[in-house]
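Shown next, in structure tokens, is the structure this report addresses.
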Amino acid sequence: MAYNKEDFIRIREEYSKKYLKAREAADTRARELYEKIPELRTLDGILAGTASRIMGAVCSDNAEERINAVRSENERLLRERAKLLTAYGYPEDYTDVHYECELCGDTGYVDTKMCTCMKKALVMAGYRSSGIYGLMQTQSFDNFSLKYYKDNEEAYATMKQSAALLKKYAESFDENTYKSFMLIGNTGLGKTHLSTAVAVKVIERGFDVHYVSACSMISDFEAKQFGGRGAADGVDTSRYYDCDLLIIDDFGTELTNQFTLSCFYDVINTRMIKRKSTIINTNLGKKEIESRYGDRITSRLFGEYRPILFFGRDIREQKIHKG
Ligand SMILES: Nc1ncnc2c1ncn2[C@@H]1O[C@H](COP(=O)(O)OP(=O)(O)OP(=O)(O)O)[C@@H](O)[C@H]1O
Ligand SMILES: [Mg+2]
Ligand SMILES: [Zn+2]
């Protein structure tokens, strides 16, 4: 597992706050009740001494007998306490700590294992910080339909195979996965749709996914290098090199110059060296990529990335015409 570092730190802080808040709320309820029911304070005072009475009993000659006596006295006091609360119209557990998650007591861990509630929180945070949050509701494997490719047998067969391949890839993504893809094809054929679907599944499996358009990626590097947009927030480009899966959408729509070329080269090359998977979506064919990005980038892309060709008729248009 390699959840996004910042998400992880933030969520851990949220958990400590949640934990403390639950305990403070219980303390406040107890203090309130002590004002109203002074006997309760006395009872709680006695109950608080149970542990030390047990310790005392353990060290005595007739330990077993005395431990049992302390235990039964403790149970009697607890019954008395419950009765008292009921008599005043409060639930028996009114002063107990009420955690949001009873499994982990809002610590995020059960023994040394991360609790399911914290895993869920990290996945939700992953959706938000990945950049796919707006798209993920409408672009999943479940609503990826092959019917749009039906008027061409070859397109249909290829798209069926490609969708199945990407689904399998996403569903089996783990810490050893090092496989990159280039989704190549004309506009409106499902590249963004399928890569978003991959992102959702990989995030659900607990990995850090960063989804970005080529233009935004370049803006981030520009802001880091030259200041300007977002510089005040301190643009951190490390996620481009370190995230488990980087998805660069609309590769080729950005302006090309020495700076953008060196950004792409650097990200593509570093991720290769670090064996980190990447998906690049583009409308450009190999020749266009070669002439725009040069040999160093092209040979890495076509050597390391498996090309997946998208065929068919623009699905945006098909959807409009069907209403
Ligand atoms: N197989 C599909 N089933 C259902 N909806 C689809 C399918 N493929 C694409 N769509 C939908 O059609 C629209 C266009 O698809 P998408 O954005 O994935 O195209 P694209 O290949 O990324 O195009 P572009 O190159 O212009 O970015 C989106 O709304 C998407 O959800
Ligand atoms: Mg797209
Ligand atoms: Zn929990």
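Atoms within a ligand are numbered from 1 in the order they appear, just like the ligands themselves.
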Look at atom 26 (O) of ligand 1 and say which protein heavy atom is nearest, naming residue and atom and giving the distance to 0.1 Å.
T187 OG1, 2.4 Å
Is ligand 1 under 4.0 Å from a heavy atom in the side chain of K319, in the backbone, in both, or in neither?
side chain
No-hydrogen, no-angle side-chain donor-acceptor test under 3.5 Å, T192 and D249:
yes
Any idea which protein heavy atom is nearest atom 23 (O) of ligand 1, and the distance to it?
G188 N, 2.8 Å
Atom 12 (O) of ligand 1: the protein heavy-atom neighbour that sits closest, reported with distance to 0.1 Å:
I315 CG2, 3.5 Å
Does any donor atom in the side chain of D236 or S238 lie under 3.5 Å from an acceptor atom in the other side chain?
yes
Under-4.0 Å heavy-atom contact with ligand 1, by part of L183 that carries it
neither
Around atom 31 (O) of ligand 1, find the nearest protein heavy atom and jot down its residue, atom name and distance.
H193 ND1, 2.7 Å
Tell me, which protein residue and heavy-atom name are nearest atom 1 (N) of ligand 1, and how many Å apart are they?
S145 O, 2.8 Å
The Mg ion (ligand 2) neighbourhood, protein N/O/S only, threshold under 2.8 Å
T192 OG1
Do any N/O atoms on Q139 end up under 3.5 angstrom from N/O atoms on ligand 1?
yes
Does F310 have a heavy atom less than 4.0 Å from any atom of ligand 1?
no
To check your reading of the site, what angle at the Zn ion (ligand 3) do SG of C104 and SG of C117 form, to 10°?
110°
Which atom pairs, donor and acceptor, lie under 3.5 Å between side-chain atoms of residues 76-85 and protein residues at least two apart or in another chain?
residue : atom : partner : partner atom : Å
R76     : NE   : E73     : OE1          : 3.1
R76     : NH1  : E80     : OE1          : 2.8
R76     : NH2  : E73     : OE2          : 3.0
R81     : NE   : D44     : OD1          : 2.6
R81     : NH1  : T95     : OG1          : 3.3
R81     : NH2  : D44     : OD1          : 3.4
R81     : NH2  : D44     : OD2          : 3.0
R81     : NH2  : T95     : OG1          : 2.9

Part of D250 within contact of ligand 1 (heavy atoms, under 4.0 Å)
side chain
